[in-house]
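Values below: every heavy atom of this structure, side chains too, minus hydrogens, waters and symmetry copies.
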Amino acid sequence: MPGIRAGQFPIAGRTNMSRFFDKFANQIARATNLLVVILATIMMLALVLQVFSRYVLGATFIWTEELALFCFTWCILLAATSVLRDGSHVSLDFLANALPEPLRSLWQRVISIGIFAFFIIFAIAGTQYLQSTIGQVTPALRLSMGWVNLAAPVCGALGCIHAFCRLISPRTE
């Protein structure tokens with residue numbers, strides 16, 4: 001076959017488009033993981049500063065708790081999309097393992113469709129919630145609540161990308 005070297009076997013059903021989309025989703029997941037590490041570091045620094053100011057200085061900064069909460073919100077939602085991509089999320093696989101291979105593959109596609117549908121709903125509902133809170137500001141940091149609530153539609157879109165990728169190019173787990 002053209003483009004295939006000796007010793008290589010094409011993956012059945014994989015097209016150039018699915019390989020491209022898989023690489024694209026992988027790059028998104030890598031960027032997401034880096035962002036999660038950065039946000040988790042900021043969150044931890046804010047919490048350490050909060051504890052230090054409370055117990056050493058005797059007065060607390062009013063913004064550190066709010067910053068940590070916002071970073072936590074983004075971290076959890078972004079990390080959820082990354083573990084979906086990697087397939088390292090919690091799953092009940094006793095049913096899938098009991099199925100013969102053709103049915104197991106079908107079952108994984110059904111699950112991927114369900115996950116895709118969930119993330120579409122999550123993105124739509126997140127967008128609606130974002131629009132309803134866009135004029136509000138946070139009490140301590142005086143940031144628009146839109147920056148915090150933007151996490152839902154963004155992570156909904158990322159989840160859709162990863163679920164779609166799993167649908168067109170299922171992994172053997």
Side-chain angles (χ1 to χ4, degrees), residues 13-51 61-93 96 107-173:
R14 295 275 319 248
T15 63
N16 286 338
M17 183 58 98
S18 67
R19 276 187 239 126
F20 169 78
F21 196 75
D22 192 47
K23 287 180 183 180
F24 173 70
N26 190 40
Q27 292 301 318
I28 289 175
R30 289 181 65 188
T32 300
N33 290 340
L34 177 63
L35 186 56
V36 167
V37 169
I38 291 168
L39 289 171
T41 302
I42 293 170
M43 177 181 64
M44 292 306 297
L45 290 173
L47 292 172
V48 167
L49 183 59
Q50 175 75 8
V51 170
F61 294 109
I62 60 172
W63 54 269
T64 54
E65 188 175 343
E66 197 170 275
L67 177 63
L69 179 65
F70 297 163
C71 289
F72 180 74
T73 301
W74 274 93
C75 277
I76 293 300
L77 293 175
L78 287 171
T81 66
S82 287
V83 298
L84 171 64
R85 166 74 183 148
D86 299 338
S88 56
H89 57 291
V90 175
S91 64
L92 301 173
D93 57 0
W107 178 251
Q108 289 176 349
R109 289 185 186 267
V110 168
I111 295 297
S112 293
I113 290 169
I115 292 170
F116 184 75
F118 169 79
F119 276 110
I120 286 175
I121 294 167
F122 191 68
I124 291 169
T127 301
Q128 291 170 346
Y129 184 68
L130 172 66
Q131 291 170 344
S132 70
T133 61
I134 203 84
Q136 300 174 5
V137 293
T138 64
L141 293 172
R142 305 302 297 164
L143 291 174
S144 170
M145 282 300 293
W147 290 110
V148 179
N149 297 332
L150 184 63
V154 166
C155 293
L158 290 173
C160 284
I161 290 169
H162 296 311
F164 182 73
C165 186
R166 288 176 59 96
L167 184 63
I168 65 170
S169 181
R171 290 179 166 29
T172 55
E173 298 172 24

Rounded to the nearest 0.5 Å, what's the gap from [atom1] on [X] to [atom2] on [Y]? Could you check?
{"X": "I113", "Y": "R166", "atom1": "CD1", "atom2": "CZ", "value": "12.5 Å"}
{"X": "I120", "Y": "C160", "atom1": "CD1", "atom2": "SG", "value": "4.5 Å"}
{"X": "Q50", "Y": "I62", "atom1": "CD", "atom2": "CD1", "value": "10.5 Å"}
{"X": "L49", "Y": "W63", "atom1": "CG", "atom2": "CH2", "value": "5.0 Å"}
{"X": "L84", "Y": "F116", "atom1": "CG", "atom2": "CZ", "value": "11.5 Å"}
{"X": "T32", "Y": "L77", "atom1": "OG1", "atom2": "CG", "value": "12.0 Å"}

Is there side-chain contact between [X] and [Y], with heavy atoms separated by less than 4.5 Å?
{"X": "F70", "Y": "I42", "answer": "no"}
{"X": "V51", "Y": "L47", "answer": "no"}
{"X": "R85", "Y": "I161", "answer": "no"}
{"X": "I115", "Y": "H162", "answer": "no"}

Is the number of heavy atoms from other residues, nucleotides or ligands within 6.0 Å of CZ (F21) greater than 12?
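Yes.
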With sequence neighbours excluded, tell me which residues meet side chain to side chain donor-acceptor pair (under 3.5 Å) with S82.
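Per chain and number, S82 pairs via side chain to side chain donor-acceptor pair (under 3.5 Å) with N33.
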Quiz: residues 137-158 side-chain donor-acceptor pairs under 3.5 angstrom, not counting sequence neighbours:
| from | atom 1 | to | atom 2 | distance (Å) |
| --- | --- | --- | --- | --- |
| T138 | OG1 | E66 | OE2 | 2.9 |
| T138 | OG1 | R142 | N | 3.1 |
| T138 | OG1 | L143 | N | 3.0 |
| S144 | OG | I134 | O | 3.3 |
| S144 | OG | G146 | N | 3.1 |
| N149 | ND2 | T133 | OG1 | 2.6 |
| N149 | ND2 | M145 | O | 3.3 |

Quick one: side chains of residues 122-132, donor-acceptor pairs under 3.5 Å with protein atoms, not counting sequence neighbours, listed by atom name and distance.
| from | atom 1 | to | atom 2 | distance (Å) |
| --- | --- | --- | --- | --- |
| T127 | OG1 | A123 | O | 2.7 |
| S132 | OG | Y129 | O | 2.8 |

For a quick test of reading the model, state the closest non-hydrogen atom pair linking V36 to A79 and the distance between them.
CG2-N, 3.8 Å
